There are 2 protein chains.
Amino acid sequence: MDDDQLSRVFAALADPTRRDMVARLAVGDATVGELADPYDVSVQAVSKHIKVLADAGLVSQSKDAQRRPCHLEAEVFDLMTKWIERYREQAQERYGRLDSLLAEMRGDERRTDHRNRQQGAAS
Amino acid sequence: MDDDQLSRVFAALADPTRRDMVARLAVGDATVGELADPYDVSVQAVSKHIKVLADAGLVSQSKDAQRRPCHLEAEVFDLMTKWIERYREQAQERYGRLDSLLAEMRGDERRTDHRNRQQGAAS
DNA sequence: AATGTTGTCAACCAGTTGGTTGAAGACTGA
DNA sequence: TCAGTCTTCAACCAACTGGTTGACAACATT
């Protein structure tokens with residue numbers, strides 16, 4: 001049930017524009033227009049991005065006349081951090097213990113290099 | 001430049017099936033077939049999922065005859081954690097300080113409830 | 001009341017994603 | 001060598017995504 005929100009949170013942050021907006025909102029609240037300003041896209045597109053962030057629970061919006069100030073919700077980050085830490089610890093614990101040892105005893109070459117797959121331009 | 005990988009990592013983890021596989025791999029390495037077993041999809045689909053995880057740098061694959069054992073790469077989690085922590089701290093620091101105070105002085109109702117937007121079935 | 005500002009909704013479009021099936025590559029074992 | 005196992009590649013399809021434009025709701029100002 002939380003799983004669904006976790007999916008939305010990760011999906012929301014998979015977009016560099018949206019991550020950028022989160023960075024901007026970490027500095028302070030901002031209206032949709034203010035958030036749209038630095039980008040070369042329509043306000044409608046930005047509005048959609050904010051909706052995605054809001055649906056993920058990362059952002060809340062309040063009312064100020066026509067304006068809709070956006071506020072970053074820090075608590076949701078904990079949900080992510082918790083998920084990550086669980087498996088990071090689990091994996092790191094395993095690593096350096098007997099797992100890689102056993103692997104070498106089995107004789108397969110561990111850790112094929114995956115780092116040279118693609119080097120796409122940064123956004 | 002790292003931004004691109006960060007996008008891939010978040011996108012990879014946005015899928016519950018892939019998160020599940022990460023959870024499985026945290027316990028120990030597994031072949032594609034072993035990973036595919038619990039799911040009701042074709043092996044090809046699972047192979048694609050693994051490719052996504054590998055492209056994100058979350059998983060590496062080695063060779064063992066026809067088999068392709070998958071191994072969880074814990075280091076990449078740090079990339080994510082770093083990004084998250086940066087903005088979480090920044091936002092939480094702001095929260096409880098003068099920001100929300102000023103907001104109340106401006107008289108707008110902060111924090112519209114976003115939690116009742118949708119309650120989709122868990123995956 | 002009329003106008004301008006701010007933001008969202010609706011419809012549309014191209015590109016991506018997650019699934020399928022079929023074929024083939026790579027290896028083991030009889 | 002021939003059959004069987006494990007995995008990936010290729011082509012295809014429906015659904016989703018991120019963008020667009022146009023309309024309009026809500027509010028402030030004149």
Side-chain angles (χ1 to χ4, degrees), chain A residues 4 7-22 25 29-56 59-71 106-109 112 114 117-118 120 123, chain B residues 3-4 7-22 25 29-56 59-71 106-109 112 114 117-118 120-121 123:
Chain A
D4 212 50
S7 291
R8 285 196 299 268
V9 171
F10 278 125
L13 295 177
D15 186 291
T17 304
R18 263 166 345 227
R19 278 202 308 278
D20 228 43
M21 290 178 180
V22 168
L25 287 173
D29 294 10
T31 67
V32 177
E34 285 165 355
L35 282 171
D37 218 40
Y39 304 103
D40 200 22
V41 297
S42 64
V43 185
Q44 290 96 319
V46 172
S47 179
K48 275 206 215 172
H49 278 307
I50 293 167
K51 184 167 168 27
V52 172
L53 289 169
D55 285 352
V59 155
S60 61
Q61 283 180 287
S62 36
K63 295 188 172 199
D64 174 21
Q66 320 98 339
R67 243 143 290 122
R68 294 286 175 278
C70 299
H71 176 78
R106 278 210 320 277
D108 52 339
E109 68 242 23
T112 295
H114 61 266
R117 274 174 192 266
Q118 76 286 83
S123 62
Chain B
D3 203 38
D4 213 49
S7 291
R8 285 196 298 268
V9 172
F10 278 125
L13 296 177
D15 187 291
T17 304
R18 264 167 342 228
R19 277 202 309 279
D20 227 44
M21 290 178 180
V22 168
L25 287 173
D29 295 10
T31 68
V32 176
E34 284 164 355
L35 282 171
D37 218 39
Y39 304 102
D40 199 22
V41 297
S42 64
V43 185
Q44 290 96 319
V46 171
S47 179
K48 276 205 213 174
H49 278 308
I50 292 166
K51 184 167 166 25
V52 172
L53 289 169
D55 284 352
V59 155
S60 62
Q61 281 180 288
S62 37
K63 296 189 171 199
D64 175 22
Q66 322 97 338
R67 244 143 290 122
R68 293 288 176 276
C70 299
H71 176 78
R106 279 211 319 279
D108 52 339
E109 66 243 24
T112 296
H114 61 268
R117 274 171 191 270
Q118 76 285 84
S123 64

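Numbered from 1 within each chain, the chains take letters A, B, ... in sequence-line order. Being a predicted model, the structure only gives us computed values, none of them experimental.
Taking only side-chain nitrogens and oxygens, B:R18 comes nearer than 4.0 Å to OP1 or OP2 of C:dG18. A:S47 has a side-chain polar atom (N or O) that falls below the 4.0 Å cut-off from OP1 or OP2 of C:dT8. The shortest distance between the side-chain N/O atoms of B:R68 and the OP1/OP2 oxygens of C:dA26 is not below 4.0 Å. Taking side-chain N and O atoms only, A:T31 has no distance below 4.0 Å to OP1 or OP2 of C:dT6.
What separates NZ of B:K63 from P of D:dT8 is a distance of 11 Å, to the nearest Å. The CG atom of B:D40 sits 14 Å away from the C1' atom of C:dG18 (whole-angstrom rounding). Remark: P of C:dG7 and CG of A:D64 are 9 Å apart, rounded to the nearest angstrom. Protein atom NZ of B:K48 is 14 Å distant from nucleotide atom P of D:dC13, rounded to whole Å. Rounded to a whole Å, the CG atom of A:D15 is 11 Å from the C1' atom of D:dG19. If you measure from atom NE2 of A:H49 to atom C1' of D:dT20, you get 12 Å, rounded to the nearest angstrom. What separates CE of A:M21 from C1' of C:dG7 is a distance of 14 Å, to the nearest Å. Atom CZ of B:F10 is separated from atom C1' of D:dT17 by 18 Å (rounded to the nearest Å).
For B:Q44, whose side chain is taken as the heavy atoms from C-beta onward, the closest listed nucleotide among D:dC6, C:dG22, D:dG22 is C:dG22. Distance from the side chain of B:Q66 is smallest to D:dG4 among D:dG19, D:dG4, C:dT21. For A:V32, whose side chain is taken as the heavy atoms from C-beta onward, the closest listed nucleotide among C:dT8, C:dG18, D:dG18 is C:dT8. Listed nucleotides D:dG18, C:dG19, C:dT20 differ in distance to B:S42; the shortest reach to its side chain belongs to C:dT20.
For the side chain to side chain contact (heavy atoms under 4.5 Å, CB included) test with A:Q61, the passing option among A:I50, A:T31, A:L53 is A:I50; the others fail.
A donor-acceptor pair under 3.5 Å is formed between the side chain of B:R8 and the backbone N or O of B:D55. A donor-acceptor contact shorter than 3.5 Å is absent between the side chain of A:R18 and the backbone of A:V52.
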Would A:S7 and B:R19 satisfy side-chain contact (heavy atoms from CB on, under 4.5 Å), going step by step from the backbone distance to the final call? CA-CA 9 Å; A:S7 291; B:R19 277 202 309 279; 2.9 Å; yes
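Comparing A:A65 and A:V52 along DNA chain D, the residue whose closest nucleotide (by nearest heavy atom) sits nearer the 5' end is A:V52. Where A:V41 and B:E34 meet DNA chain D, the nucleotide closest to each residue was compared, and B:E34 sits on the side nearer the 5' end.
Here the CG-OG distance, from A:L25 to A:S60, works out to 9.5 Å after rounding to the nearest 0.5 Å.
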